Amino acid sequence: MDEQDSTQGIPIPEGAADLIDTDYMIGQDNIEGQLGPFGFDVHNPVFLVSGLSIVAFVFYALALPEQAGSVFGWLRPWLTSTFDWFFLGAANIFVVFCLFLIVSPWGAVRLGGKEAKPDYSYMGWFAMLFAAGMGIGLMFFGVLEPVYHMAISEPLGVASPIAEDGTIIPENVEAARNMGLAATIYHWGLHPWAIYAIVALALALFTFNKGLPLTIRSAFYPIFGEAIWGWVGHVIDILAVFATLFGLATSLGFGAQQANAGLEHIFGIPNTITVQVLLITVITAVALGSVLRGLDGGVKVLSEINMAIAALLLVFVLLAGPTATIFADFISGLGAYATSIVPLSNPFGREDTSYMQGWTAFYWAWWISWSPFVGMFIARVSRGRTVREFIICVLLIPSLVCVLWMAVFGGVAIDQVLSDPTASSVKAYVIDSYVPELSLFAMLEGLPLATITSVIGIILVIVFFVTSSDSGSLVIDTITAGGKVDAPLPQRVFWCTFEGAVAIVLLVGGGLGALQAMVISTGLPFTAVLLLMCWATLRGLMSEAR
Amino acid sequence: MFSNIMVPVDLRHLDRVSTSLQVAADLARLYSARVCYVGVASAEPSDLGHRPEEVAALLSGFAKAEADRHGHRGTSHLVINHDPTTELDKALHDTVEQIGADLVVMATHVPNVTDYIWASHGGTLALHSRVSVMLVRG
């Protein structure tokens, strides 16, 4: 009697799938051994080259801070102003491609084989999607962006309702309010999730249906063929590790600054490097615990807890704020998004360059540079879904939740600004002076139980960082182990600790901004890579059983 | 005394488990017990195979070869787990109950400093399992 079985209700995939016939054996380029008492199993040369080049770049940023600052400080605005059309155009293609897949016959293809069953329930799955990719952004930008776009950036030329002297211009209010929400939803809706969906779908397809290792290079098999096991693939994987680690480390540094600003605002805890280093250490330690507990015991549990707390905060703000106005904002914001999405996505002939280049192109580059990490994580937890179900769930449902979040947090903040501009803390921190890290706490200040909700806000910021950090460490470990998901545990510990250490070094020595700008600049080559990925995915889907 | 012996194996490191395999086979003959060789793998492609079915076939072939070699009843049982690196202990613990094993024979490493940080899989299973666990230094 031979048996196959599973723990925690994971079924064995069955049924037809079109495996790629390759001579490459997963792990064949790996170096396996012992370093003292610790075992390791790493890909040669991806692990070494990415590790060393990360150290080299950190040294560069520390040794020549001014030069690094000026090079990367110049690079970012140059990229977003020169290639704005490319970022906007590509993001539009990704959305159209995803929508096309939903209605196409390939929507019926199941990831993991025709008979595969989903690994995770909808709740666990959604929680992990959010927590890895966007949670922290929702906390940071949920208040800032709607207010900023309503009052300052003037998307599509919609005039601000706030005059120079701070008074309200009544005739501008309705249009600006709707545009503030629509322009924010545009950055958090279909387009970013389409970027994640493309990468995640490609990786899931080539891993679960084609039998290739779970690593970024696998998605390019239809284009490069066997060459992906050579330097072409090494470069793709190294770039992905690079963008993921620096993206996480710099975000961790900035997140510590935000949490510290919040702690200072509420409790008067001094805003110093020491406190921030302590915060990073705590975040890294909790992430380490989560990594050690694994995907189900750590990452998933933390993600679910986080989503539950976030949902509670959302409901509280909804009920404590002007509930009827928020619902009206939700509907009108959604309507404004639907009517403005085409002009907002237009890459050519725009006059609102501060919005289009300063925000949209920047966001697209940012989402794209994060897409290898978030996409790979989404792929790993999405086995068993059909392509149609996958895209609807990854694209449409998170977009709707983001709309709700922005309507609630942004709607309350806008209401505070417009109903009493002189007393509004949000106006003080977003419009009068630009202190974005305090915008969330400023909005909560205008509601009852502000101290409690602000503490919850800080906890959420920290835990969202933990869930990004632990899932990021899993992803980096998998890529640098050549697609092996069961590499020795010390490797995960190494990457999680390394990420925290890089964040601390950059925070103390300076250079967070420079390296974050560099990460964003990786968005440009990755945009081209993602366009190729669409083609490769289509090729891959064509040969699958439907 | 024993009728169903569970033997966890990592097909990648068979060289490290030869002693425990021999012990399990000897005990199986002594008690006329069935030996169930248990593997834990993820659903993702690995160096053992592109799909879980391939890994299951490898494990099944290994069990048959062991049974032929030692003259006992050999079966195999593949556990698919999301994250074998961190969830191996729980997977093995659950499998003991699932297959109704009354003895586990398992290879384990000579203790070293890492055991202070991460307990060995065999040690953890012995600590938590209701059935007898025999750890064989490999």
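Predicted model only: the values in this text are computed from it and were never measured. Quick note on labels: first sequence line is chain A, next is B, and so on, each numbered from 1.
Looking at heavy atoms from C-beta onward, A:Val485 lies in side-chain contact with B:Ser42 at the 4.5 angstrom threshold. Proximity of B:Thr86 to A:Leu292: side-chain heavy atoms (C-beta onward) are nowhere separated by under 4.5 Å. For the pair B:His50/A:Met25, no side-chain contact is recorded, criterion being any heavy-atom separation below 4.5 Å from C-beta on.
Ion pairing of A:Arg492 with B:Asp83 is present here, as a side-chain N (NZ or NE/NH1/NH2) and a carboxylate O approach within less than 4.0 Å. A salt bridge does not link B:Arg12 to A:Asp41: none of the charged nitrogens lies less than 4.0 Å from a carboxylate oxygen.
Heavy-atom distances place the side chain of A:Val493, and not its backbone, under 4.5 Å from chain B. Of the two parts of A:Pro488, only the backbone, made up of N, CA, C and O, holds a non-hydrogen atom closer than 4.5 Å to a non-hydrogen atom of chain B.
Although no hydrogens or angles enter the test, the distance criterion places a donor-acceptor pair under 3.5 Å between the side chain of B:Glu87 and the main chain of A:Asp296. A donor-acceptor pair is defined here as one N or O able to donate and one able to accept, closer than 3.5 Å; such a pair exists between the side chain of B:Thr85 and the backbone of A:Ala487. Here the side chain of B:Arg51 pairs a donor or acceptor atom with the backbone of A:Phe208 at under 3.5 angstrom. In this structure a side-chain-to-backbone donor-acceptor pair under 3.5 Å is present from A:Arg380 to B:His82.
The residue among A:Gly482, A:Gly294, A:Gly27 with the most heavy atom pairs within less than 4.5 Å of chain B is A:Gly294. The candidate from A:Leu214, A:Val291, A:Leu212 with the greatest count of non-hydrogen atom pairs under 4.5 Å with chain B is A:Leu212.
Remark: B:Asp15 CG is packed, more than 12 non-hydrogen atoms of other residues, nucleotides or ligands lying under 6.0 Å away.
B:Asp47 CG to A:Gln28 CD: the interatomic distance, rounded to the nearest 0.5 Å, is 10.5 Å.
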